[in-house]
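Quick notes on the structure that follows.
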Amino acid sequence: MKLATWNVNSLKVRLPHVLDWLLAQEDSDQPIDLLCLQELKLPDDKYPLAELESAGFHSIYTGQKTYNGVAILARTTSLPTPTDVVRNIPGFEDTQQRVVAGTYATAGGPLRVISAYFPNGQAVGSDKFAYKLRWLEALTAWLRDELARYPQLALLGDYNIAPEDRDVHDPAKWEGENLVSPEERAAFRALEGLGLTDAFRQFEQPPKLYSWWDYRMLAFRRNAGLRIDHILLSDPLAKACTACTIDKVPRTWEQPSDHTPVVATLSLNPLP
DNA sequence: ATGGCTAGCCGCGCTAGA
């Protein structure tokens, strides 16, 4: 089965891209079974449920006007409606809609999937940066419990953290900045410390492969990007993971999101 | 040395993203 994550930067604007991309994956030997989306930027009553269902995907989501918003799309023919749906981090008071989670029954046992839009942080030392660190702490504490309950767990999303210098096009220029600071990287390591593995780094990858490029400065053309969108897998899933790739193609389309999809292939069968 | 683009808003220039 295939899992993917994509920060679409407005689902209203990017719905055609999402549908086109999902349709294009149908031609591969393994289509997408689960797609986590971030930055929907729309309230729940504007969520394009019917269009996505027509395309063959059911959804769980939590949104708000203007900012944030996350969803998990699941292929109707291969996955049942999820159970234990959670919106936001339990016990963490937050008006910003950044987390949705659900458990999908599969032939290989329950699969816990979390779509997360980590706070940006704006600048090291800012109020938003402090919020980012508090949010990361709450997420990590919650995930410790989640992992105890769900051995097969995948955390997909826009982490707004480039874990290593090789995930940054110009590490010298970015040194110590928001998205790469030691505090943020320590938080990323703490997530790994729970027993989660960066699916992308399990495999040999071409150098200078990123998931986000600034709209400005011809950044995509110059490949001046960051790898900040990740798929972290619990041990059983990491062992079942056979590939993890970044699909740059949607970033080349007209009116693209500034992020592009990350895809993981697991040797885990959905329901027959 | 800085900003350079994009989306959304109730806007007719701003906030926020990363």
Side-chain angles (χ1 to χ4, degrees), chain A residues 5-18 21 36-48 61-71 94-99 115-136 139 156-188 200 208-230 246 248 250-262:
Chain A
T5 181
W6 192 3
N7 178 328
V8 289
N9 184 19
S10 168
L11 185 54
K12 182 181 154 194
V13 175
R14 235 67 68 184
L15 180 61
H17 301 226
V18 170
W21 186 72
C36 296
L37 299 179
Q38 300 85 35
E39 281 208 85
L40 309 182
K41 294 189 173 180
L42 39 81
D44 287 351
D45 62 342
K46 296 274 168 51
Y47 187 86
Y61 51 91
T62 183
Q64 67 188 93
K65 201 163 86 164
T66 313
Y67 305 115
N68 309 311
V70 287
D94 199 353
T95 57
Q96 305 185 30
Q97 304 305 304
R98 297 185 174 277
V99 171
S115 177
Y117 176 44
F118 291 39
N120 172 281
Q122 196 166 59
V124 175
S126 67
D127 289 351
K128 287 176 182 175
F129 189 78
Y131 163 71
K132 182 178 195 172
L133 295 183
R134 276 191 293 116
W135 188 94
L136 283 161
L139 177 77
L156 302 92
D158 174 0
Y159 285 58
N160 272 315
I161 301 172
E164 299 178 84
D165 278 353
R166 59 178 165 161
D167 302 313
V168 180
H169 72 278
D170 185 349
K173 186 177 142 196
W174 278 84
E175 193 181 354
E177 295 290 331
N178 187 47
L179 309 182
V180 311
S181 73
E183 298 101 307
E184 292 162 87
R185 285 180 169 175
F188 189 89
F200 185 80
K208 303 184 192 311
L209 198 42
Y210 309 119
S211 67
W212 170 86
W213 300 262
D214 202 309
Y215 283 123
R216 300 165 291 186
M217 304 172 281
L218 304 170
F220 184 65
R221 207 164 76 182
R222 296 189 294 118
N223 196 30
L226 302 175
R227 192 177 71 92
I228 54 176
D229 300 87
H230 308 295
I246 295 176
K248 285 172 74 167
R251 191 64 174 76
T252 68
W253 294 346
E254 282 292 308
Q255 205 178 6
S257 167
D258 43 357
H259 298 252
T260 210
V262 183

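In what follows, chains carry the letters A, B, and so on, assigned in the order in which the sequence lines appear, proteins first and then strands, with residues in each chain numbered from 1. Worth knowing before you read on, the calculation uses all heavy atoms, side chains too, and leaves out hydrogens, waters and symmetry mates.
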Review point. Taking the P atom of each, how far is B:dA18 from B:dC14, in whole Å?
Key: 22 Å

Check your understanding: Expressed in whole Å, how much space separates the C1' atoms belonging to B:dT15 and B:dC10?
Key -> 14 Å

Practice item. Please say whether more than 12 non-hydrogen atoms of neighbouring residues, nucleotides or ligands are located less than 6.0 Å from CG in A:Asp45. Key: yes

Check your understanding: Which one, B:dC9, B:dA18, B:dA16, comes nearest to the side chain of A:Ile228?
Key -> B:dA18

Review point. If the C1' atom of B:dG3 is compared with that of B:dG17, how far apart are they to the nearest Å?
Key: 15 Å

Check your understanding: Considering only heavy atoms, which members of residues 209-221 of chain A lie under 4.0 Å from some atom of DNA chain B?
Key -> A:Trp212, A:Tyr215, A:Arg216, A:Met217

Practice item. Please measure how far the C1' atom in B:dT6 lies from the corresponding atom in B:dG11, and state the result in whole Å. Key: 16 Å

**Study point:** Rounded distance in Å - CG (A:Asp258) to P (B:dA16)
**Key:** 17 Å

Point to revise | Between C1' of B:dA18 and CG of A:Asp158, the distance in whole Å | key: 8 Å

Review point. For A:Glu175, does the CD atom sit with more than 12 other heavy atoms under 6.0 Å from it, leaving out its own atoms?
Key: no

Point to revise | Ranges pairing with ranges for DNA chain B, where each run has three or more Watson-Crick or G-U pairs under 3.5 Å | key: B:5-9 with B:13-17

Review point. How do A:Pro43 and A:Asn7 order along DNA chain B: which one's closest nucleotide is nearer the 5' end?
Key: A:Pro43

